[in-house]
Protein chains: 2
Amino acid sequence: MTENPAPAIRATNVFAANCPSRRVLDHVTSKWGVLVIVALAQSPMRWGALRRRIEGVSEKMLAQTLRTLEADGFVLREAQPTIPPRVDYSLTPLGRSLAARLIPLVTWVGNNADEIVGAH
Amino acid sequence: MTENPAPAIRATNVFAANCPSRRVLDHVTSKWGVLVIVALAQSPMRWGALRRRIEGVSEKMLAQTLRTLEADGFVLREAQPTIPPRVDYSLTPLGRSLAARLIPLVTWVGNNADEIVGAH
DNA sequence: GGTGGTACGCACCATAAAGTAAGTACTCGT
DNA sequence: ACGAGTACTTACTTTATGGTGCGTACCACC
């Protein structure tokens with residue numbers, strides 16, 4: 001029998017129900033998650049700047065989204081113990097790698113949205 | 001007054017709250033929408049095949065997702081009036097264009113999911 | 001000494017999305 | 001005549017998502 005030459009990457013199957021990639025995909029394609037990643041890809045930002053940049057996001061949702069993305073290792077949170085508090089958010093290398101796949105998608109949607117919505 | 005030289009593409013801003021691209025982005029990044037698009041990019045499929053391919057999707061969600069994607073112009077639905085019914089689904093050119101941006105993302109998630117989930 | 005700014009956390013309620021289960025229509029095979 | 005197969009729809013329930021408002025901690029400014 002031929003032995004498998006140990007693949008460096010273990011590709012998971014998104015089509016399988018119990019696959020971890022399903023959960024990751026949900027985080028990555030979440031409503032606000034996409035916008036946070038893309039915003040931070042343009043430049044690191046403080047809490048308040050993110051909130052102003054991403055119109056319509058509530059403080060609760062922004063906090064929740066940031067905590068999820070931080071736990072997944074996409075976003076780096078740096079809090080300075082100054083008064084008033086100052087917290088900087090930026091992408092980790094993993095986050096930048098993700099952003100590279102997300103930005104073409106968002107750009108495409110931006111360019112084609114009018115056509116799509118008009119097609120009713 | 002200088003008249004605008006009719007731009008071929010009108011890029012919309014996803015960061016603006018009332019922008020149509022927000023709605024499109026939601027459809028495109030919806031939980032089942034991503035999987036349907038990617039599945040159909042591999043090959044056109046009948047209803048039953050899609051249902052088996054995308055593990056865990058309910059009939060209701062599959063029908064709803066397909067109707068949304070069809071309305072947006074990503075998916076083509078071809079029903080044959082035979083008994084028993086036979087319905088083929090495939091991507092439109094617009095859908096294929098979208099898939100080209102979606103597949104790298106899904107592939108990336110598939111390759112990195114283990115690392116991300118393990119990083120708790 | 002009251003007000004404002006920063007970056008949240010928490011509790012509560014409303015709504016939207018998704019899951020569950022069953023029903024439909026029609027015909028073929030047994 | 002009964003059950004299976006196809007592609008759904010509908011009604012009901014549960015879960016997820018999102019919004020509102022209040023509280024916190026500390027200081028700087030007026």
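Computation of the quantities below employed the complete heavy-atom set of this structure, encompassing side-chain atoms and omitting hydrogens, waters and symmetry-equivalent molecules. A, B, ... follow the sequence lines: proteins, then strands. Residue 1 opens every chain.
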Sugar-phosphate atoms are those with a prime plus P, OP1 and OP2; base atoms are the rest. Using that split, label each nucleotide of nucleotides 5-19 of chain C B, S or - for protein heavy atoms under 4.0 Å, 5' to 3'. BBSBS--------BB
Between CZ of A/Arg23 and P of D/dA16 the distance, given in whole Å, is 10 Å
Quick one: SG on A/Cys19 to CG on B/Asp114, what's the gap to the nearest 0.5 Å? 7.5 Å
Taking A/Leu62 as the fixed residue, which of A/Trp32, A/Tyr89, A/Trp47 is the one that meets the side-chain contact (heavy atoms from CB on, under 4.5 Å) rule? A/Trp47
Separation of D/dT17 C1' from A/Asp26 CG (nearest whole Å): 13 Å
B/Ile37 vs B/Val28, test: side chain to side chain contact (heavy atoms under 4.5 Å, CB included). Steps then yes/no. CA-CA 9 Å; B/Ile37 296 283; B/Val28 157; over 6 Å; no
Test side chain to side chain contact (heavy atoms under 4.5 Å, CB included) applied to B/Leu25 and B/Val14, step by step: CA-CA 8 Å; B/Leu25 193 63; B/Val14 264; 4.3 Å; yes
Walk me through it: do B/Asp88 and B/Met45 pass the test side chain to side chain contact (heavy atoms under 4.5 Å, CB included)? CA-CA 6 Å; B/Asp88 292 280; B/Met45 265 182 237; over 6 Å; no
